[in-house]
K.L.:
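Below: one structure in structure tokens.
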Amino acid sequence: MPRLSEVIAALENLWPAERAESWDAVGTVVGDPGQEVTRVLFAVDPVQEIVDEAVQLGADLLVTHHPLYLRGTTTVAATHFKGRVVHTLIKNDIALHVAHTNADTADPGVSDALAGALDLRVVGPLVPDPTDPHGRRGLGRVCELDHPLTVRELAARAAERLPATAQGIRVAGDPEAVVRTVAVSGGSGDSLFDQVRAAGVDAFLTADLRHHPASEAVATSPLALLDAAHWATEWPWCELAASQLDEISDRNGWDLRVHVSKTVTDPWTAHAASITNL
């Protein structure tokens, strides 16, 4: 039965903290290095609903993609929802570890998991990490389809393969355009349009696309855009990460029980389709 410090060392080897962006807040937020770990839960968001799930599961460690305190804090009082998360974790001897942008750029990372969920073949990173001599790490992925699809068909595949959310998949561009190559980036991706255009792909699948960047992108190129929910594009990483820890556990004889939360923590809960024409 491993100690928390041993499990965290294995996770840090997968997603070294020094590879996180300077503004990010990754690593262990709560936890006694000497405590024993038998059960681990992976999730996207460290929100109360997920922490309660970890308590019910009997988990000793919760690993999330999103940080709890991205901008820092001066209090963990339980009068605030993040403080309640910390209190619940400590009261139930549950550690919390975060892998965010260091998991985004990892090999394999968040965008590899997204590509895998859509049956896309990864060619390489969209924004390569210059410190990787093998050229596999970096932000986003450039991918090829096993056979051409229309934009409409690719959107339908994404809607079928990614977890269901109120948003579903929004599309910009010609729905009948043929797609052979796709750039993907889990999470917010509209800062990557320059790199996407440079990659020469037919479509870009990501999340959180804003009006002006999307409008400019489709006005200046035939690029098709597929905009999914932020949470949905990052959830496949939880399954990938859990399988990686399972492999480490087997290799070390730890016999960890590793779980992935299927609780939908996307903040949007309903969608009403437009029916009125101007």
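Quick note: numbers below take in every heavy atom, side chains included, and nothing from hydrogens, waters or symmetry partners. Because the structure is predicted, anything quoted here is derived from the model rather than measured.
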K.L.:
Under the ring-ring contact (aromatic ring centres under 6.0 Å, His included) rule, what pairs show up with a residue in residues 154-198, not counting sequence neighbours?
P.N.:
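Of all non-adjacent pairs touching residues 154-198, those that pass ring-ring contact (aromatic ring centres under 6.0 Å, His included) are Phe193-Phe204.
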K.L.:
If I compare all heavy atoms of Ser185 with all of Thr206, which pair ends up nearest, and what's the gap?
P.N.:
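It is O-OG1, 2.8 Å.
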K.L.:
For the backbone of Ala43 and the side chain of Thr64, can you confirm whether one donor and one acceptor N or O come within less than 3.5 Å of each other?
P.N.:
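Pair absent, no side-chain N/O of Thr64 close to backbone of Ala43.
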K.L.:
May I ask whether Val178 and Val182 are part of the same hydrophobic cluster, defined by side-chain heavy atoms of I, L, V, M, F, W, Y residues being less than 4.5 angstrom apart, directly or through others?
P.N.:
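In one cluster with Val178: Val182, no.
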K.L.:
Assess whether side chain to side chain contact (heavy atoms under 4.5 Å, CB included) is satisfied between Val76 and Lys82, documenting all intermediate values.
P.N.:
CA-CA 7 Å; Val76 293; Lys82 292 190 178 185; over 6 Å; no
K.L.:
Treating Ile, Leu, Val, Met, Phe, Trp and Tyr as nodes and any side-chain heavy-atom pair under 4.5 angstrom as an edge, say whether Val29 and Leu14 lie in one connected cluster.
P.N.:
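Hydrophobic grouping puts Val29 apart from Leu14.
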K.L.:
Is it true that a side-chain atom of Asp107 and a backbone atom of Arg136 form a donor plus acceptor pair closer than 3.5 Å?
P.N.:
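Not a single qualifying donor-acceptor pair exists.
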K.L.:
For a quick test of reading the model, state the closest non-hydrogen atom pair linking Val151 to Leu226 and the distance between them.
P.N.:
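Reported closest heavy-atom pair: O-CD2, 4.3 Å.
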K.L.:
Going from CD1 on Ile248 to OG on Ser243, what distance comes out if it is rounded to the nearest 0.5 angstrom?
P.N.:
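Separation between the atoms: 9.5 Å.
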K.L.:
Would you confirm whether Asp24, through its side chain, and Thr101, through its main-chain N or O, come within 3.5 Å as a donor-acceptor pair?
P.N.:
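Yes, Asp24 side chain to Thr101 backbone: donor-acceptor pair under 3.5 Å.
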K.L.:
I'd like to know whether Gln244 forms a side chain to side chain contact (heavy atoms under 4.5 Å, CB included) with Trp15, so could you lay out the CA-CA distance, the side-chain angles of the two residues, the decisive distance to 0.1 Å, and finally the verdict.
P.N.:
CA-CA 11 Å; Gln244 289 176 287; Trp15 317 299; 3.9 Å; yes
K.L.:
Are the side chain of Thr105 and the backbone N or O of Leu139 linked by a donor-acceptor pair below 3.5 Å?
P.N.:
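Flag not set: sc Thr105 to bb Leu139 has no pair under 3.5 Å.
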K.L.:
Given side chains that start at C-beta, do those of Leu225 and Leu223 come closer than 4.5 Å, heavy atoms only?
P.N.:
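Yes, their side chains come closer than 4.5 Å.
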K.L.:
CG/Leu120 to CG/Leu145 distance, rounded to the nearest 0.5 angstrom?
P.N.:
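With rounding to 0.5 Å, CG (Leu120) is 5.5 Å from CG (Leu145).
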K.L.:
To the nearest 0.5 Å, what is the distance between CD1 (Ile8) and CG (Asn13)?
P.N.:
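Going from the CD1 atom of Ile8 to the CG atom of Asn13 covers 12.5 Å.
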K.L.:
Ring centres of His80 and His87 under 6.0 Å apart?
P.N.:
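No; His87 has its ring centre 6.0 Å or more from that of His80.
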K.L.:
Calculate, to the nearest 0.5 Å, the distance between atoms CD and NZ belonging to Glu53 and Lys262 respectively.
P.N.:
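Glu53 CD to Lys262 NZ: 9.5 Å, rounded to 0.5 Å.
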K.L.:
Work out which heavy atom in Leu62 is nearest to a heavy atom in Ile94; give both atom names and the distance.
P.N.:
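Looking at all heavy atoms of both residues, the shortest contact is N-CG2, 4.0 Å.
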K.L.:
Strictly below 4.0 Å, N to O, side chains only: are Glu176 and Arg152 in salt-bridge contact?
P.N.:
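Yes, charged N to carboxylate O under 4.0 Å.
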K.L.:
Report yes if the side chains of Pro175 and Thr150 come closer than 4.5 Å at any heavy-atom pair, otherwise no.
P.N.:
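Not touching, per the 4.5 Å side-chain cut-off.
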K.L.:
Check the pair His66 / Glu234 against side chain to side chain contact (heavy atoms under 4.5 Å, CB included), numbers first and verdict last.
P.N.:
CA-CA 10 Å; His66 289 153; Glu234 294 180 331; 2.7 Å; yes
K.L.:
Look up atom CG in Leu4 and atom CG in Asp93, then write down how far apart they are to the nearest 0.5 Å.
P.N.:
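The distance works out to 11.0 Å.
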K.L.:
Nearest 0.5 Å, what's the SG-CG distance between Cys143 and Leu114?
P.N.:
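One finds 8.0 Å between SG of Cys143 and CG of Leu114.
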K.L.:
Looking at Arg137, is its backbone amide N or carbonyl O close enough to the side chain of Asp132 to form a donor-acceptor pair, meaning the two atoms are under 3.5 Å apart?
P.N.:
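Flag set: sc Asp132 to bb Arg137 pair under 3.5 Å.
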K.L.:
Is Asn92 reaching over with its side chain to a backbone N or O of Thr88, donor-acceptor style, under 3.5 angstrom?
P.N.:
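Side chain of Asn92 to backbone of Thr88, a donor-acceptor pair under 3.5 Å: yes, one is there.
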K.L.:
Is the number of heavy atoms from other residues, nucleotides or ligands within 6.0 Å of CD (Gln56) greater than 12?
P.N.:
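12 or below, so no.
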K.L.:
Fit a plane to each ring of His65 and Trp237, take the angle between them on a 0 to 90° scale, and name the class: parallel (under 30°), tilted (30 to 60°) or perpendicular (over 60°).
P.N.:
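It falls in the tilted class, 30° to 60°.
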K.L.:
Look at the side-chain heavy atoms of Ile, Leu, Val, Met, Phe, Trp and Tyr, link any pair under 4.5 Å apart, and say whether Leu41 and Val264 land in one connected group.
P.N.:
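Result: no, two separate clusters.
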K.L.:
For a 4.5 angstrom cut-off between non-hydrogen side-chain atoms, does Leu192 reach Gln195?
P.N.:
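Yes - at least one pair of side-chain heavy atoms lies under 4.5 Å apart.
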K.L.:
Mark yes when over 12 heavy atoms from residues, nucleotides or ligands other than Arg161 sit less than 6.0 Å from its CZ; otherwise mark no.
P.N.:
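Buried by this count: over 12 neighbours within 6.0 Å.
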K.L.:
Do Leu96 and Leu68 touch side chain to side chain, with heavy atoms closer than 4.5 Å?
P.N.:
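A side-chain contact exists here, since the closest heavy-atom pair is under 4.5 Å.
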K.L.:
Does Pro148 offer a backbone N or O that forms a donor-acceptor pair with the side chain of Arg180 under 3.5 Å?
P.N.:
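No, because the side chain of Arg180 does not come within donor-acceptor range (under 3.5 Å) of the backbone of Pro148.
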K.L.:
Taking Asp190 first and then Arg210, would you say they form a salt bridge - that is, a charged N and a carboxylate O separated by under 4.0 Å?
P.N.:
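The answer is yes: the pair qualifies as a salt bridge.
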K.L.:
Please examine the side chains of Asp146 and Arg121, heavy atoms only from C-beta on, and report whether any two atoms are closer than 4.5 Å.
P.N.:
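No, side chains not in contact.
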K.L.:
Which pair of heavy atoms, one from Glu153 and one from Leu149, lies closest together, and at what distance?
P.N.:
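Result for this residue pair: OE1-CA, 3.5 Å.
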K.L.:
Are any of the side-chain heavy atoms of Val63 and Val40 separated by less than 4.5 Å?
P.N.:
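Yes, at least one pair of side-chain atoms sits under 4.5 Å.
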K.L.:
More than 12 non-hydrogen atoms from neighbouring residues, nucleotides or ligands closer than 6.0 Å to CD on Glu49, yes or no?
P.N.:
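Count not over threshold, so no.
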K.L.:
Show the numbers, then the answer: is there a side chain to side chain contact (heavy atoms under 4.5 Å, CB included) between Val44 and Cys238?
P.N.:
CA-CA 7 Å; Val44 175; Cys238 295; 3.8 Å; yes
K.L.:
To check you understand the geometry: which heavy-atom pair defines the closest contact between Ile169 and Leu162, and what is its length?
P.N.:
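Shortest heavy-atom contact: CD1-CD1, 4.4 Å.
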K.L.:
Is the side chain of Arg39 donor-acceptor paired with the backbone N or O of Leu57 at a distance under 3.5 Å, no angle test?
P.N.:
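Yes, the answer is positive, given that a donor and an acceptor are paired below the 3.5 Å cut-off.
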K.L.:
Within the structure provided, determine whether Leu89 and Val51 are in side-chain contact (heavy-atom separation under 4.5 Å).
P.N.:
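The answer is yes; the side chains approach within 4.5 Å.
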K.L.:
Can you get from Val179 to Val122 by hopping between Ile, Leu, Val, Met, Phe, Trp and Tyr side chains that sit under 4.5 Å apart?
P.N.:
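The answer is no; the residues belong to distinct hydrophobic clusters.
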K.L.:
Checking Thr165 against Asp266 for the side chain to side chain donor-acceptor pair (under 3.5 Å) test, could you report, in this order, the C-alpha distance in whole Å, the side-chain angles of both residues, the deciding distance, and whether it holds?
P.N.:
CA-CA 7 Å; Thr165 61; Asp266 186 75; 5.1 Å; no
K.L.:
Sub-3.5 Å donor-acceptor pair from the side chain of Trp235 to the main-chain atoms of Ser261, do we have one?
P.N.:
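Judged by distance alone, yes, a pair lies under 3.5 Å.
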K.L.:
Is it true that atom CG of Asp255 has more than 12 heavy atoms of other residues, nucleotides or ligands lying nearer than 6.0 Å?
P.N.:
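Incorrect, the count does not exceed 12.
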K.L.:
What pair of heavy atoms forms the shortest contact from Val218 to Gly173, and how long is it?
P.N.:
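Of all heavy-atom pairs spanning Val218 and Gly173, the closest is CG1-N, 4.4 Å.
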K.L.:
Give a yes or no on whether Trp254 and Phe42 share a hydrophobic cluster (residues Ile, Leu, Val, Met, Phe, Trp, Tyr; joining criterion: side-chain heavy atoms under 4.5 Å apart).
P.N.:
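Same cluster.
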K.L.:
Between Val37 and Arg3, is there a side-chain heavy-atom distance shorter than 4.5 Å?
P.N.:
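With C-beta onward as the side chain, the pair stays apart.
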K.L.:
Would you call Asp112 and Arg141 a salt bridge, using N to O less than 4.0 angstrom?
P.N.:
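So Asp112 pairs with Arg141 through a salt bridge.
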K.L.:
Verify, without hydrogens or angle tests, whether Thr28 (side chain) and Val30 (backbone) share a donor-acceptor contact under 3.5 angstrom.
P.N.:
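Answer holds: no.
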